[in-house]
J.: 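Here it is, the structure, as structure tokens.
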Amino acid sequence: MERVFSGIQPTGALHIGNWLGALRNWIALSERHECVYSIVDLHALTPSPPPSAEEMRRRVREVAVTLLACGLDTSRCTLFVQSEVPEHAELAWVLGCQAAMGDLQRMTQFKEKSEQAREIVGLGIFAYPVLQAADILLYKATRVPVGEDQVQHLELAREIARRFNRIYGATFPEPEPILSPTPRVFGLDGVRKMSKSLGNEIGLLEPAESVKARLAGAMTDPARKRRTDPGDPAKCNVFTWHGYFTPAAEREECAKGCRTAAIGCLDCKEVLRTHLEKVLAPMRERAAALLAEPAAVERALRAGAEKARAIARATMEEVRHRIGVR
Ligand code: TYM
């Protein structure tokens, strides 16, 4: 059976971009494949300055609760926190010795993130994709559900696997991305990828009132200045979001209303909000129940780490043997 691996950073509250781009696939795949999913806290140490220890612990708990609230079922997959399996960092060192500096320098995310660094551009942000390659290869995963922004990192993981295999003999399969139908979700600003660090996101656990307020400020067709102007749905990011949440007939009605100025942007957003709420409200409810049971969430993560460690140990033993270290 093919093994699936994916990871998510505990950088803050998860948003609908994470869900549409990756998490929906995580859940769907766990019904058919052996899936290993990780909350990658070691990756989340890379911003400069890094989060405080207390903040890190809080975010990891929040991400775990959100994943479970989205419908991830830990009886059908392995969910664990990366730092509970020390082999990730160990394999990252070994693979780092086979990763070309030139390749790492070309990574778009490295360029973006090093611009955001406020104190130093650390080695961690440079070596980030090597740790990501280690995450995947440690489980010999062949399929990796991600959004489009991670495809370049996966190409590098394949390159590192190939190089390792050439030098030391066939050890790792080459992992392939699995993209969702919505691999790149734009944010409230309508121009950039939805991202917590850009502040243009709608959080999966955000209160209904806050979702409403944020949607009200979302960018629509920039050419539609007044309520009486006709708009063009093809140029409207909110209309793209309708495509994710609103049934076709109602969506078509909105498009017609927009083109003829029969409805305003706020009316259109209200229709979207109703359908978005059908997805978010049950998540909020499940999250509230999970937050009341922190010990159960903790138990699920511990059990996940146990399962992940068994696979990770076996791979590292093989790797040590192949490279000749004890
Ligand atoms: P991260 O934590 O930024 O995002 C988690 C997942 O959500 C996807 N995603 C999006 N998809 C569509 N539209 C968006 N606006 C959007 N924003 C985020 C991401 O593509 C990702 O799939 N480096 C990874 C974490 C990682 C990982 C791994 C992933 C570490 N090790 C091993 C796969 C395999 C990251 O930062 O994702």
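Counting starts at 1 for both ligands and their atoms, in listed order. Every heavy atom of this structure was used, including side-chain atoms; hydrogens, water molecules and symmetry mates were not.
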J.: Applying side-chain contact (heavy atoms from CB on, under 4.5 Å), run through Arg320 and Met316 and close with a yes or a no.
T.: CA-CA 6 Å; Arg320 280 204 206 93; Met316 252 345 270; 4.3 Å; yes
J.: Determine, using heavy atoms of Ser195 and all atoms of ligand 1, whether some pair is separated by less than 4.0 Å.
T.: no
J.: Is it true that Lys212 and Glu209 make a salt bridge, defined as a side-chain N closer than 4.0 Å to a carboxylate O?
T.: no
J.: Counting heavy atoms only, which part of Val146 comes closer than 4.0 Å to ligand 1: side chain, backbone, both or neither?
T.: both
J.: Between Thr182 and ligand 1, is there a nitrogen or oxygen pair with a distance under 3.5 Å?
T.: no
J.: Using a strict threshold of under 4.0 Å (side-chain N to carboxylate O), is an ion pair present between Glu201 and Arg214?
T.: yes
J.: Please identify which atoms of ligand 1 are closer than 4.0 Å to at least one heavy atom of Val144.
T.: 33 (C), 34 (C)
J.: So Phe80 and His88, would you call those rings parallel, tilted or perpendicular, with 30° and 60° as cut-offs?
T.: tilted
J.: For ligand 1 and Asn18, I'd like to know whether there is a polar contact (N/O to N/O, distance under 3.5 Å).
T.: yes
J.: Which ligand 1 atoms, with their elements, are less than 4.0 angstrom from a heavy-atom of Gln150?
T.: 20 (O), 23 (N), 24 (C), 35 (C), 36 (O), 37 (O)
J.: Using 4.0 Å as the upper bound for N to carboxylate O, is an ion pair formed by Asp149 and Lys193?
T.: yes
J.: Could you tell me which atoms of ligand 1, counted from 1 in the order shown, lie closer than 4.0 angstrom to a heavy atom of Ile8?
T.: 2 (O), 5 (C)
J.: In terms of atom number and element, which parts of ligand 1 are under 4.0 angstrom from non-hydrogen atoms of Ala22?
T.: 6 (C), 7 (O), 22 (O)
J.: May I ask you to say whether Arg302 pairs ionically with Glu84, meaning some side-chain N is under 4.0 Å from a carboxylate O?
T.: yes
J.: Test your reading of the structure: does Tyr128 have an N or O sitting under 3.5 Å from an N or O of ligand 1?
T.: yes
